[in-house]
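Contents: one structure, followed by commentary.
Bear in mind the structure is a predicted one, so any value in this text is a computation, not a measurement. Just the heavy atoms: all of them, side chains too, but no hydrogens, waters or symmetry mates, feed the values below.
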Amino acid sequence: MTESDSPKPVVAAIDGSGTAINAALWAVDEAIDRSVPLRLVCVMKAKHPSADDYYADKHHAEASIRAAQDAVEATGRPVKIETAILSGLTTFNLIEESQSADMVCVGSVGIGRSARAILGSIAAELAEKAHCPVAIIRPQDEIPRDEVDIRWIVVAVTDEIDNESVIESAMNEARLRQTPVLMLGGRDGLDGLDDIVKQWKGRYPDVHVYPVSDGADVARFIKKHDEWVQLAVIGGSRADEVTQILGPRGHPLLHRRAASVLIVRH
């Protein structure tokens with residue numbers, strides 16, 4: 001097998017935070033489902049003012065990768081793990097990684113006014129410029145399980161050219177994560193939402209799908225409604241909605257209208 005024939009890994013960006021490890025754990029299912037490796041990537045600074053600063057940065061990167069690898073291995077899941085420590089701008093490196101990845105996963109606690117730290121606004125820029133699907137994963141473990149009956153996957157039916165692959169990705173995620181789907185549409189002039197839902201139910205009989213005739217705008221739906229949305233799935237042409245879907249920094253309970261996002265590209 002040549003290098004070009006090697007399976008493209010699912011890449012998880014690691015920065016030493018629990019949020020990044022959470023994203024790596026989310027990525028485990030993606031890698032197993034695709035039968036590809038999980039590649040844990042941490043990015044060091046390109047320049048260091050002193051040798052001590054370099055070694056401190058290197059130690060942090062190594063410790064971050066080790067912690068993420070330990071967390072993944074502790075799941076006992078059958079996934080092959082690859083690791084890499086890169087240097088330079090985080091966004092540039094992750095976009096480069098996306099050229100030979102099946103998916104890139106990053107963690108995010110939301111995008112604030114000064115969100116320039118790793119996996120803050122970087123997540124939004126990656127959503128717009130990556131060459132493969134990007135999953136931006138918000139922490140969910142602080143949300144009490146007994147307060148949430150259903151965690152939905154939300155996707156919109158549109159007349160955009162990539163909509164078939166966007167809906168297919170949403171349905172695959174629903175099957176993988178055993179989560180029901182809210183399929184939006186109806187108010188933007190696209191008729192036959194019930195028929196479209198019926199067609200997708202036929203293709204995915206094990207996935208529960210519910211039509212919502214509230215317009216095909218995922219960000220607007222999340223802002224307007226109180227349903228707990230686990231994952232919003234959108235196409236690359238709607239990457240500018242990411243900041244609205246992710247919501248602001250802060251505890252999820254204080255901002256329930258926020259969700260993880262999958263930006264679909266092929």
Do you know the tightest heavy-atom contact between [X] and [Y]?
{"X": "Cys105", "Y": "Val10", "result": "SG-CG1, 4.0 Å"}
{"X": "Gly215", "Y": "Leu184", "result": "O-CB, 3.4 Å"}
{"X": "Val166", "Y": "Val233", "result": "O-CG1, 3.6 Å"}
{"X": "Pro133", "Y": "Val264", "result": "CB-CA, 4.5 Å"}
{"X": "Ala101", "Y": "Val11", "result": "CB-CG2, 3.7 Å"}
{"X": "Ala156", "Y": "Ile167", "result": "O-CG1, 4.1 Å"}

| Heavy-atom check, side chain of Leu231 versus side chain of Glu173, under 4.5 Å |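 Yes - at least one pair of side-chain heavy atoms lies under 4.5 Å apart.
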| Which residues pass the salt bridge (charged side-chain N to carboxylate O under 4.0 Å, His left out) test with Arg175, sequence neighbours left out? | Asp206
| request: Might you confirm whether atom CD of Gln178 has over 12 heavy atoms from other residues, nucleotides or ligands at distances under 6.0 Å? | output: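 Count not over threshold, so no.
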| request: Please say whether more than 12 non-hydrogen atoms of neighbouring residues, nucleotides or ligands are located less than 6.0 Å from NE2 in His208. | output: no
Is there a donor-acceptor pair closer than 3.5 Å between any side-chain N or O of [X] and the backbone N or O of [Y]?
{"X": "Asn172", "Y": "Glu168", "value": "yes"}
{"X": "Ser260", "Y": "Arg138", "value": "yes"}
{"X": "Thr179", "Y": "Ile153", "value": "no"}

| Just one of Ile137, Ile136, Val41 clears the side chain to side chain contact (heavy atoms under 4.5 Å, CB included) bar with Val106, so which one? |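 Single side chain to side chain contact (heavy atoms under 4.5 Å, CB included) partner of Val106 among Ile137, Ile136, Val41: Ile136.
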| Test salt bridge (charged side-chain N to carboxylate O under 4.0 Å, His left out) applied to Lys45 and Asp57, step by step | CA-CA 7 Å; Lys45 294 182 293 186; Asp57 194 16; 5.0 Å; no
Could you tell me whether [X] and [Y] make a salt bridge, using a distance below 4.0 angstrom between a side-chain N and a carboxylate O?
{"X": "Arg265", "Y": "Asp162", "value": "no"}
{"X": "Glu128", "Y": "Arg238", "value": "no"}
{"X": "Arg39", "Y": "Glu97", "value": "yes"}
{"X": "Arg34", "Y": "Glu30", "value": "yes"}

| field | Cluster link Tyr210 to Ile222, ILVMFWY, side chain under 4.5 Å | value |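 Yes, same cluster.
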| said: Using the rule that Ile, Leu, Val, Met, Phe, Trp and Tyr join whenever any side-chain heavy atoms are under 4.5 Å apart, tell me whether Leu176 and Met171 fall into a single cluster. | reply: no
| task | For the residue pair Asp15 and Ser17, confirm or rule out a side-chain donor-acceptor distance under 3.5 Å. | result |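 Asp15 vs Ser17: donor-acceptor pair found between side chains.
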| query | Is there a salt bridge (charged side-chain N to carboxylate O under 4.0 Å, His left out) between Arg203 and Glu164 once you walk through the steps? | reply | CA-CA 13 Å; Arg203 293 171 62 176; Glu164 177 87 4; 2.8 Å; yes
| task | Kindly write out the residues that satisfy side-chain contact (heavy atoms from CB on, under 4.5 Å) with Asp195, not counting sequence neighbours, or none if the list is empty. | result | none
